[in-house]
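Heads up: the structure comes next, in structure tokens.
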Amino acid sequence: MAVQTPIYLDNHATTRCDPRVMEAMVPYFTTHFGNAASRTHVFGRVAEEAVDKARAQLARAIGATTDKEIVLTSGATESDNLAIKGAARMYRDRGDHLVTVCTEHKAVLDAHHALEREGFRVTFLPVRADGLVDLDELAAALTDQTILVSVMAVNNEIGVVQPLERIGRLCKDHGVLFFCDAAQAVGKVPIDVEAMHIDLLAFTAHKMYGPKGVGALWVRRKNPRVRLEPLFHGGGHERGLRSGTLAVPLVVAFGAAAELALNEMPEESARLLALRQRLWDGLRSHLTHLHLNGDWSARVPGNLNVSFAYVEGESLLMGIHDIAVSSGSACTSASLEPSYVLKALGVDDELAHTSIRFGIGRFNTTEEIDFTIARVTEVVHRLRDMSPLWEMVQEGIDLKTVHWAGH
Ligand SMILES: Cc1ncc(COP(=O)(O)O)c(C=O)c1O
């Protein structure tokens with residue numbers, strides 16, 4: 001069967017809405033259009049019931065015991081900000097120190113930078129070369145002034161899964177709140193807020209085959225009861241934590257997407273792992289000098305992040321333009337800075353610029369993976385054949401020993 005291009009292999013950026021999710025959502029735009037806060041009539045009550053069902057589906061997807069703890073938001077960016085700023089401002093009298101990790105998503109990093117401007121002190125922990133947090137370093141960073149630790153579940157670039165249970169245990173033992181950005185994790189790897197001792201957890205629909213523009217923050221209500229300073233003030237929706245009329249169709253879709261992802265996780269994970277293995281084996285059988293970025297085993301099934309030495313990053317991306325992927329060099333944005341995540345792993349700029357993030361998802365096929373292997377192989381060979389550096393490597397010259405004119 002001929003493969004249709006362009007091929008979408010950027011499922012960490014966003015995912016296609018599952019048709020089953022669309023089907024669940026559409027009636028809530030038209031037939032059941034009520035405001036979930038309008039309890040005086042049937043239109044409102046139908047909407048409210050649908051929201052309650054979604055809340056229960058969301059709670060189940062993360063191992064929460066009740067659905068009262070789900071605060072619906074516009075996405076993980078908002079949930080990240082509500083968790084971090086909300087907790088820091090609420091517990092300011094207990095301490096002024098926060099701990100996070102330098103490979104977190106910008107929403108988490110920049111929320112911390114904003115708090116630094118309010119007078120909080122922040123420790124940005126480094127990661128090991130495999131992308132994982134060093135638990136001893138985390139333990140050493142905690143002080144009697146620490147009020148919140150924020151560590152993501154799955155990294156959006158390199159896909160590594162952090163040891164959440166051990167991090168949660170450490171935080172609990174120190175009486176520090178633990179916030180986890182699980183935007184790339186929920187529905188992909190098992191998440192259990194109880195077993196993992198998580199106090200606050202952010203997630204979003206569009207990374208799990210739901211629509212863009214809706215997310216949630218789970219807020220622990222018992223052992224301990226976590227309180228937050230809201231970001232928005234208004235009608236007091238979501239127990240006062242997030243005022244604003246709920247986007248009922250999106251919420252319904254989010255719930256449906258979470259339920260599907262949870263139910264299908266075992267099968268889907270196995271399928272994605274097989275596709276990823278096929279991609280990695282295929283690339284390695286045709287090409288040498290590939291570098292895997294991030295730990296291999298502690299990794300979300302759909303992620304493969306690889307650097308292709310001795311090619312030029314932008315030429316590689318242009319060469320594979322019929323495959324939608326992300327690159328470790330931010331060449332689509334204004335800067336040409338290599339990815340801060342890869343830099344944190346100690347990947348040098350050269351290799352970071354030639355890295356590709358393959359994000360395999362629910363709708364990808366074996367044929368698409370085979371097409372990708374063939375196309376990437378062809379382009380990397382072509383670029384290397386044009387590269388004087390590659391020629392030197394082929395001749396056995398160690399480039400590290402070469403003294404370049406002008407340097
Ligand atoms: C780890 C992580 N956190 C937060 C976000 C932001 O999510 P949203 O697009 O729902 O605001 C993303 C998505 O880009 C992400 O990958």
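Along the sequence shown, residues carry numbers from 1. Just so you know, ligand 1 is whichever comes first in the structure, and atom 1 is the first atom listed for that ligand.
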Sort and list the pairs that fulfil salt bridge (Lys or Arg N to Asp or Glu O under 4.0 Å) and have at least one residue in residues 171-182, not counting sequence neighbours.
R169-D173
Verify whether one side chain among N303 and H12 offers a donor that lies under 3.5 Å from an acceptor in the other.
yes
Return yes when atom NZ of K53 has more than 12 non-hydrogen atoms of other residues, nucleotides or ligands closer than 6.0 Å, and no otherwise.
no
Shell of residues surrounding ligand 1, defined by a 4.0 angstrom heavy-atom cut-off that is strict
G75, A76, T77, D80, H105, M152, N156, D181, A183, Q184, T204, H206, K207
Only one of R357, K207, R16 forms a salt bridge (charged side-chain N to carboxylate O under 4.0 Å, His left out) with D10, so which one is it?
R357
Under the side chain to side chain donor-acceptor pair (under 3.5 Å) test, residues paired with D322 that sit two or more places apart
R375
Listed by chain and number, what are the side chain to side chain donor-acceptor pair (under 3.5 Å) partners of Q4, not counting sequence neighbours?
none
